[in-house]
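The structure appears below as structure tokens.
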Protein chains: 2
Amino acid sequence: MQMSYVRETSAGYLTNWAARLFARAIERRLAGGNSGPMPVFFALQDGGAMTQKALAQLAAVEQPTMANTLNRMERDGLVLRTPDPNDRRSAQVSLTPLGRERAKAAFVSAIEVNRIATDALKPEEREVFYDMLRRIIGALERDAGTE
Amino acid sequence: MQMSYVRETSAGYLTNWAARLFARAIERRLAGGNSGPMPVFFALQDGGAMTQKALAQLAAVEQPTMANTLNRMERDGLVLRTPDPNDRRSAQVSLTPLGRERAKAAFVSAIEVNRIATDALKPEEREVFYDMLRRIIGALERDAGTE
DNA sequence: CTCATTTGCATAGCTTGCTATTTAAATCCA
DNA sequence: TGGATTTAAATAGCAAGCTATGCAAATGAG
């Protein structure tokens with residue numbers, strides 16, 4: 001039956017499934033928090049500030065996606081948008097004290113979930129897994145670039 | 001800097017990134033089509049019919065998610081819901097001729113993208129990669145089960 | 001200096017995913 | 001048999017992702 005082929009050896013299917021499980025596992029631990037702000041937390045945790053564009057690039061999402069994420073985070077008091085005096089189109093985004101607090105909690109949860117997941121791998125397999133994923137990401141980004 | 005730690009060795013981050021790239025790569029090839037119906041296509045491609053619940057379980061998504069996907073597919077003329085005479089709460093879902101046509105195209109695209117992605121791995125690594133992903137999925141499902 | 005182009009964000013509108021809740025049919029048990 | 005429970009699906013409402021498009025500020029070319 002084709003379905004078993006797909007379920008077992010479709011990299012896209014398995015990757016999507018794993019990604020949803022990762023997100024839900026983190027969200028279950030955050031009690032009300034979501035996993036969307038995670039890349040922003042990681043980028044700004046040390047007190048730095050950067051533009052929406054830079055955040056989108058770090059998070060590897062499109063600009064409107066990051067705009068929406070930052071809107072929700074601003075609404076929830078997690079980030080601050082400070083107008084850039086040198087470029088009136090742009091703003092520097094930084095974490096509020098509440099944002100830094102949430103970032104720490106999110107970091108703890110992410111590390112715990114990462115450990116639970118990679119405990120399913122032998123220690124010597126873990127770096128291999130990351131490397132394989134990075135190579136697959138590279139191949140798909142190259143494919144996207146050469147439409 | 002913590003960000004590079006996250007980008008390079010957070011399994012959740014890398015998995016989410018790869019999953020989005022897979023979906024976009026398939027969608028780019030489908031010209032207007034989306035990747036959401038894929039699990040339904042795979043499950044019903046041979047002319048079979050099953051309930052929404054069974055489809056949700058095969059696709060590993062929640063029931064309302066599958067309900068929405070089937071609503072869109074029904075709207076687009078891809079599936080048919082046939083009321084079950086033995087259980088008036090339930091319907092058997094099957095592909096229309098157009099649905100089977102789209103399923104074939106989606107299958108071709110999925111296989112091509114899968115090939116492009118796994119070409120980044122050595123042949124002997126591919127089964128290892130699937131196996132690792134399956135083990136990680138198992139670990140995260142166990143974690144979800146034991147809240 | 002002015003106008004065309006580029007750039008940074010915002011907005012609109014869609015899909016896919018989730019949780020929580022509701023509705024109605026089927027089933028179970030006393 | 002009749003009420004309680006379970007089950008299948010629908011609905012509401014939100015997050016996070018995308019593409020396409022619009023707008024205003026900055027930049028560059030003549």
Side-chain angles (χ1 to χ4, degrees), chain A residues 12-13 15-28 30-40 50-57 59-76 78-79 81-93 144 147, chain B residues 12-13 15-28 30-40 50-57 59-76 78-79 81-93 144 147:
Chain A
Y13 178 86
T15 308
N16 172 278
W17 190 2
R20 287 184 287 118
L21 287 169
F22 269 113
R24 275 192 278 172
I26 290 175
E27 284 164 15
R28 244 181 300 119
L30 288 182
N34 303 310
S35 64
M38 288 279 313
V40 179
M50 57 182 80
T51 64
Q52 181 179 112
K53 184 191 164 97
L55 286 170
Q57 283 171 338
V61 299
E62 297 301 320
Q63 169 261 320
T65 299
M66 183 52 68
N68 279 331
T69 296
L70 293 177
N71 283 345
R72 283 186 295 267
M73 292 180 74
E74 196 174 33
R75 178 200 64 192
D76 298 340
L78 304 179
V79 294
R81 280 176 164 126
T82 309
D84 184 337
N86 300 321
D87 186 338
R88 280 186 296 162
R89 295 169 304 180
S90 194
Q92 294 289 320
V93 180
E147 45 231 66
Chain B
Y13 178 87
T15 308
N16 173 277
W17 190 2
R20 286 184 288 117
L21 287 169
F22 269 112
R24 275 193 277 173
I26 289 175
E27 283 164 14
R28 244 181 300 119
L30 288 181
N34 303 311
S35 64
M38 288 278 313
V40 179
M50 57 182 82
T51 63
Q52 181 180 112
K53 183 191 164 99
L55 286 168
Q57 284 171 338
V61 297
E62 298 300 319
Q63 170 261 320
T65 299
M66 182 52 68
N68 280 331
T69 296
L70 293 177
N71 283 345
R72 285 186 295 268
M73 293 180 75
E74 194 174 33
R75 177 200 65 194
D76 299 338
L78 304 179
V79 294
R81 281 175 162 127
T82 309
D84 183 336
N86 300 321
D87 186 338
R88 280 186 298 162
R89 295 169 304 181
S90 193
Q92 294 289 319
V93 180
E147 42 232 67

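Below, chains carry the letters A, B, ... as their sequence lines are ordered, and counting in each starts from 1. Note: hydrogens, waters and symmetry copies are ignored here, and every other heavy atom, side chains too, is used.
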Item checked: Interatomic distance, A:N71 atom CG to A:M66 atom CE [nearest 0.5 angstrom] -> 11.5 Å

Please write out each protein N/O paired with an N/O of nucleotides 5-8 of chain C under 3.5 Å, distance rounded to 0.1 Å.
| from | atom 1 | to | atom 2 | distance (Å) |
| --- | --- | --- | --- | --- |
| C:dT7 | O2 | A:R89 | NH1 | 2.3 |
| C:dG8 | OP2 | A:K53 | NZ | 2.9 |
| C:dG8 | O3' | A:S90 | OG | 3.3 |

Notebook entry, point to check: If we ignore angles and hydrogens, is there a donor and acceptor under 3.5 Å between the side chains of A:N16 and A:R20?
Noted result: yes

Check: Roughly, in whole Å, what's the span from CZ in B:R20 to P in D:dC18?
Finding: 5 Å

Notebook entry, point to check: How close or far is atom C1' of D:dA16 from atom CZ of B:R24, stated in whole angstroms?
Noted result: 12 Å

Notebook entry, point to check: Can you tell me if B:E27 and B:S35 form a side-chain donor-acceptor pair at under 3.5 Å?
Noted result: yes

Checklist line | B:A67 vs A:D76, nearer the 5' end of DNA chain D by closest nucleotide | finding: B:A67

Next item on the list: Give, for atom OG1 of A:T69 and atom CG of A:L78, the distance between the pair rounded to the nearest 0.5 Å.
Entry: 11.5 Å

Check: Between atom CG of B:L55 and atom CE of B:M73, what is the distance when rounded to the nearest 0.5 Å?
Finding: 9.0 Å

Notebook entry, point to check: Which atoms form the tightest heavy-atom contact between A:L70 and A:V79, and what is the distance?
Noted result: O-CG2, 3.9 Å

Checklist line | Sugar-phosphate, base or nothing in reach of A:D84, heavy atoms under 4.0 Å | finding: nothing

Check: What's the spacing between B:E62 CD and A:R24 CZ if we round to 0.5 Å?
Finding: 5.5 Å

Notebook entry, point to check: Between D:dA9 atom C1' and B:E62 atom CD, what is the distance in whole Å?
Noted result: 14 Å

Next item on the list: Not counting sequence neighbours, list each pair that qualifies as a salt bridge (charged side-chain N to carboxylate O under 4.0 Å, His left out) and has a residue in residues 65-74 of chain B.
Entry: B:E74-B:R81

Can you tabulate the close N/O pairs, meaning under 3.5 Å, that link protein atoms to atoms of nucleotides 12-14 of chain D?
none

Check: Nearest-Å distance, CE (B:M38) to P (C:dT15)?
Finding: 18 Å

Check: Contact class for B:P83 (heavy atom, under 4.0 Å): base, sugar-phosphate, or nothing?
Finding: nothing

Item checked: Nearest-angstrom distance from the residue atom CD1 of A:I26 to C1' of D:dA16 -> 14 Å

Notebook entry, point to check: In whole angstrom, what separates B:Q63's CD from D:dA10's P?
Noted result: 7 Å

Checklist line | Presence of B:T65 side-chain N/O under 4.0 Å of C:dT16 phosphate oxygens OP1/OP2 | finding: no

Check: Hey, which of these two, A:R88 or A:N34, hits DNA chain D nearer its 5' end, going by closest nucleotide?
Finding: A:N34

Note to self: In this structure, how many angstroms lie between the C1' atom of C:dC9 and the CD atom of A:E74, rounded?
What the structure shows: 13 Å

Item checked: Integer-rounded Å distance: C:dC18 P and B:N16 CG -> 13 Å

Notebook entry, point to check: Considering all heavy atoms of both residues, which atom of A:V93 and which atom of A:Q52 are nearest to each other, and what is their separation?
Noted result: CG2-N, 4.4 Å

